[in-house]
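Have a look at the structure below before the remarks.
It should be emphasised that the depicted structure is a prediction, and the values quoted were computed from it without experimental measurement.
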Amino acid sequence: MLTAAELSAVRADFPLLARTVRDGRPLVYLDTAATSQKPQCVLDAEQDFYERRNAAVHRGAHALAEEATEAYEAARAAVAGFVGVAPGELVWTKNATEAINLVAYAFSNATAGRGGDAARRFRLGPGDEVVVTEAEHHANLVPWQELCARTGATLRWLGLTDEGRLDLGTLDVIGERTRVVALTHASNVTGAISPVAEVVAAAHAVGALVVLDACQSVPHLPVDLHALDVDFAAFSGHKMLGPTGVGALYGRRELLEAMPPVLTGGSMVEVVTMTETTYAPPPQRFEAGTQMVAQTVGLRAAVEYLGELGMDAVAAHEAALAQRLLDGVAQVPGVRVLGPSTAEDRLATVAFAVDGVHPHDVGQLLDDAGVAVRVGHHCAQPLHRRLGVAASARASAGVYTSEADVDAFVEALGRVRTFFGAGAR
Amino acid sequence: MLTAAELSAVRADFPLLARTVRDGRPLVYLDTAATSQKPQCVLDAEQDFYERRNAAVHRGAHALAEEATEAYEAARAAVAGFVGVAPGELVWTKNATEAINLVAYAFSNATAGRGGDAARRFRLGPGDEVVVTEAEHHANLVPWQELCARTGATLRWLGLTDEGRLDLGTLDVIGERTRVVALTHASNVTGAISPVAEVVAAAHAVGALVVLDACQSVPHLPVDLHALDVDFAAFSGHKMLGPTGVGALYGRRELLEAMPPVLTGGSMVEVVTMTETTYAPPPQRFEAGTQMVAQTVGLRAAVEYLGELGMDAVAAHEAALAQRLLDGVAQVPGVRVLGPSTAEDRLATVAFAVDGVHPHDVGQLLDDAGVAVRVGHHCAQPLHRRLGVAASARASAGVYTSEADVDAFVEALGRVRTFFGAGAR
Amino acid sequence: MSMEQLYQQLILDHARERHGHGLRGDASGPGAGESFQVNPTCGDEVRLRVRLSDDGTRVADVSWEGVGCSISQASTSVLSDVVTGAGVADVESFAAAFDDLMHSRGAALDPATEERLGDAAAFAGVSKYPARVKCALLGWMALRDALIKASKGE
Amino acid sequence: MSMEQLYQQLILDHARERHGHGLRGDASGPGAGESFQVNPTCGDEVRLRVRLSDDGTRVADVSWEGVGCSISQASTSVLSDVVTGAGVADVESFAAAFDDLMHSRGAALDPATEERLGDAAAFAGVSKYPARVKCALLGWMALRDALIKASKGE
Ligand SMILES: Cc1ncc(COP(=O)(O)O)c(C=O)c1O
Ligand SMILES: Cc1ncc(COP(=O)(O)O)c(C=O)c1O
């Protein structure tokens with residue numbers, strides 16, 4: 001857990017937190033689940049790359065190109081290490097969404113015969129099933145719907161409890177026909193952390209591959225993807241103090257080796273003729289064209305920053321904030337939390353509905369007080385439908401969030417129903 | 001054309017150009033065709049975005065989210081304007097390679113029935129033909145090979161002259177069966193500028209769509225995509241003074257409207273249920289997940305920088321450099337230029353083979369003199385094969401390149417054959 | 001701007017009363033049209049029906065159904081008041097004026113336009129919040145689409 | 001480092017003479033193996049064949065064909081000298097030592113290793129240029145792969 005002094009040192013590292021909004025109100029940033037703010041060291045790392053080492057990587061033999069290639073591969077090693085995997089198992093993408101789509105399209109391409117016999121296990125067809133959950137972000141739902149539409153496979157899903165937790169009673173949806181199970185590690189709406197071990201066991205028992213959406217876990221918890229024993233995982237740099245424009249796909253080495261490429265072009269080939277192309281080994285096979293090199297360098301600075309704080313300390317700090325958020329919201333009459341009401345196995349991400357007031361209006365009043373929360377369906381329409389609402393407001397914390405931030409939010413939330421005359425009805 | 005004073009002001013804007021390499025030699029950067037260096041204003045624009053306006057775009061209602069969304073859409077308008085198209089016709093991608101793949105996968109998905117009847121014109125099958133050229137970068141060749149492999153269409157190609165120019169005598173490859181013609185605006189190896197009008201006329205005469213690889217033209221020439229009358233075009237930010245991690249696809253509005261999505265996930269949907277999803281209009285339909293927002297802001301700064309210099313002035317400056325490069329190389333015995341030997345319709349990108357010395361060895365000796373050129377096949381193996389070599393060395397200039405850079409290169413090149421004892425044989 | 005300026009009493013009242021709420025009449029057929037619109041950010045929805053007069057020159061009836069924030073609900077409610085019984089050409093020019101208002105970014109209205117917009121001028125404050133402009137326009141988008149369908153249906 | 005240190009005379013000589021160049025013998029069959037390797041950066045290629053002794057313990061013959069830079073050509077030429085007639089186990093440990101050399105980033109060799117590597121120590125300078133390491137290892141990668149195939153072929 002961070003001491004007050006540590007936290008204020010952390011906050012000083014994030015230039016944006018010092019700004020004011022709406023006629024000079026201090027910013028209370030509680031939208032970290034959407035995107036995190038960036039510490040100065042991340043900005044400096046990118047800037048330094050451009051000022052001293054910028055060149056095309058894996059393509060040149062001159063001094064700059066050597067240095068750029070080294071920076072790029074060192075970033076890969078650092079980020080891979082941060083999530084407990086080998087550098088050769090980490091593919092750079094522009095965001096987590098691309099990472100998940102990459103896996104889905106590898107299945108499509110294998111189904112179309114690409115990748116030959118080695119890619120056999122990625123072929124899908126009628127009778128095969130892809131399993132997701134009702135808690136998924138659209139990024140881990142729509143690509144699988146589209147994959148099923150392209151291949152004739154069937155989409156099924158695990159259900160949720162009324163608290164928004166994965167309902168393990170529905171685990172028997174995973175069966176002999178299941179080929180892929182895609183689930184989120186932690187929900188960006190309810191904050192609930194999924195029982196990954198149980199799902200992995202069920203999936204592996206029937207030979208299905210597990211794709212983990214680790215977008216919300218990697219920034220907030222210590223995550224070891226090898227220990228979790230998932231087959232693929234996706235996460236985004238911008239949510240973990242890193243730059244926009246960079247994300248990553250983890251894939252078990254032998255799976256990456258067997259997968260046909262998805263995006264094709266420069267730097268991922270071996271021999272190209274007009275009629276035929278052979279492909280480089282992973283991870284290069286999946287990194288077509290000039291990559292987001294400066295951003296990988298920035299992301300390395302971000303994981304080093306988090307690593308120095310220690311992910312256990314980060315998680316403990318945020319657990320305390322989760323408790324304070326839940327306690328604070330519970331004090332405000334007419335507010336219902338969407339998700340677990342206790343802080344166990346839960347992120348400091350609290351979505352809620354205010355009786356009689358639409359989330360957009362809630363968000364507007366909070367914004368007027370300088371409090372930035374997200375309103376809408378948070379890219380999880382089915383989850384909202386399951387919990388009986390069309391949309392919600394969401395306050396989400398990060399390593400730089402203070403108790404004062406939470407208190408300012410709760411104070412402003414207390415004024416919402418009065419303003420809209422909802423308390424009276 | 002830039003005056004000496006203008007050029008030295010330009011060079012002062014690029015921090016990296018001041019660095020030294022290999023034991024203190026001043027850097028002579030002649031690898032701009034691989035990636036350009038960045039002016040300070042681009043770095044500042046990104047930094048400023050992160051320090052003051054960073055938030056999720058198109059997803060939030062708070063003050064920061066509003067400002068971030070505005071910055072993002074203003075960047076789109078600026079970059080679209082730079083290439084003569086409407087903001088709604090410009091889709092952000094991570095690089096040009098992704099942009100070309102996006103079009104190819106839209107064809108695949110339409111062929112698999114996605115996008116319904118509206119996407120009819122994107123369906124391909126046996127008997128249909130996709131036409132490329134022998135000059136293509138792998139990024140504008142391999143995605144079409146793979147598209148043909150997935151759909152059963154046939155890949156054909158336009159040939160080249162011995163000087164590496166498009167051989168218009170082969171234009172009759174484009175015929176009734178042609179559905180797509182993909183060609184580069186300017187070759188990254190030979191520097192030859194393609195006769196786009198002739199190809200567009202031939203393609204449109206048979207109802208085929210034209211995909212232009214504008215990677216090497218947009219950074220160096222005034223380009224108006226509407227005037228060129230192409231249907232799609234792709235380019236990359238990192239080659240045009242912008243950040244890594246951002247590129248763009250231009251598509252004629254009615255084509256983008258008819259195309260099924262490729263990457264799917266957040267921010268590109270309308271209504272999502274567990275079983276079905278409807279999609280937002282373009283360009284959002286093609287921008288799944290959190291985008292490279294800071295990089296689009298950086299790219300806006302880059303096109304504004306180029307716009308202030310004036311693309312006519314940039315092109316004139318580089319035309320003079322092309323002439324000086326060609327003249328310089330012609331003085332060195334045993335060096336053969338791959339590509340047009342005159343500066344007409346040609347970029348300041350000069351690839352060459354040195355008699356009896358492998359390009360890697362050429363590059364090493366130049367690098368030792370502080371001269372950064374690219375060696376290898378430059379992601380264009382078929383082009384090299386067509387010109388009778390496996391690989392080449394390539395010197396390429398940009399707006400910040402000086403005559404002194406060219407002279408230093410020519411001087412060092414003059415020592416290559418002696419060092420390797422190739423002159424003697 | 002204060003929240004009271006944004007959420008004028010007229011808006012809060014309309015959001016609660018919602019004139020024209022509750023679908024009636026036909027979704028299609030001669031002189032009838034229906035449109036369904038979604039605000040993708042928040043999932044807010046509106047389904048709106050129009051019926052034209054027999055000669056096709058006037059809006060004989062408007063009805064709608066939807067979930068959304070107070071801005072979108074109030075705006076569609078005001079729409080219902082403004083449009084019912086009005087000439088189609090007038091409706092179109094009114095919609096264009098409202099569109100201009102929403103994109104004015106808080107610039108002051110000229111008195112003629114303010115007069116013209118009547119109750120709808122209460123939404124002026126929304127134009128300062130770009131993310132909310134879509135909310136105010138949701139019903140109007142549905143109206144335009146439904147009118148096209150209704151006149152095609154003839 | 002100077003170019004003369006990188007391109008030692010021994011390297012330039014081997015690049016010109018290319019010992020073992022020109023394929024001979026069988027590509028497959030008992031005790032025979034062939035491998036084709038490409039350096040994707042530059043398209044350089046090598047195709048290399050080995051034949052094992054009847055008892056499978058020694059490399060009876062090595063031959064190769066390829067296009068490439070002086071580093072890759074010279075390295076494969078030296079390989080041919082070192083490997084022909086050597087015991088398979090020795091070849092493997094030599095290959096490992098050469099690999100270490102290539103990843104030493106210019107650190108000084110200990111005298112025993114230098115002694116052990118013989119002519120191959122001339123490639124020490126290459127380790128300072130990460131982009132060239134692949135060139136020096138291209139032939140060795142082909143050798144390792146061909147040896148695996150040759151021993152499987154038994
Ligand atoms: C002509 C051409 N096309 C396509 C590309 C691919 O661009 P990128 O690597 O930025 O995707 C390049 C550059 O590498 C190029 O020069
Ligand atoms: C749980 C979850 N999955 C996936 C995503 C998609 O991430 P991105 O938009 O960075 O691709 C997000 C964030 O938007 C998320 O919260």
Exercise. Identify which of B:Gln40, B:Arg53, B:Arg114 forms the greatest number of heavy-atom pairs closer than 4.5 Å to chain A.
Key: B:Arg114
Any side-chain heavy atom of [X] sitting closer than 4.5 Å to one from [Y]?
X	Y	result
B:Pro15	A:Tyr50	no
A:Met274	B:Val132	yes
B:Thr275	A:Trp157	yes
B:Arg150	A:Asn109	yes
B:Lys38	A:Gln47	no

Quiz item: With a 4.5 angstrom heavy-atom cut-off, which part of A:Glu51 approaches chain B: side chain, backbone, both or neither?
Solution: both
Self-check item: Part of A:Glu276 lying under 4.5 Å from any heavy atom of chain B
Solution: backbone
Quiz prompt | Pair A:Gln291, B:Thr244: side-chain N/O donor-acceptor within cut-off below 3.5 Å | solution = no
Quiz prompt | Salt-bridge contact B:Lys94-A:Glu98 (side-chain N to carboxylate O under 4.0 Å) | solution =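 Looking at B:Lys94 and A:Glu98, the cut-off is met.
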Quiz prompt | Nearest atoms (heavy-atom pairs only) where A:Ala288 meets B:Asn95 | solution = O-ND2, 3.4 Å
Self-check item: Nearest non-hydrogen partners of A:Ser267 and B:Cys379, listed with the distance
Solution: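 Reported closest heavy-atom pair: N-SG, 4.1 Å.
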Self-check item: Which residues share a side chain to side chain donor-acceptor pair (under 3.5 Å) with A:Arg285, sequence neighbours left out
Solution: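 A:Arg285: no side chain to side chain donor-acceptor pair (under 3.5 Å) contacts found.
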Practice problem: Go through the structure and list residues passing side chain to side chain donor-acceptor pair (under 3.5 Å) with A:Gln37, not counting sequence neighbours. | Solution: B:Asn54
Quiz item: Checking B:Asn101 side chain against A:Leu263 main chain: does a donor-acceptor pair fall under 3.5 Å?
Solution: no
Exercise. Would you please test A:Leu64 and B:Leu16 for side chain to side chain contact (heavy atoms under 4.5 Å, CB included) and show each step?
Key: CA-CA 10 Å; A:Leu64 274 185; B:Leu16 188 138; 3.7 Å; yes
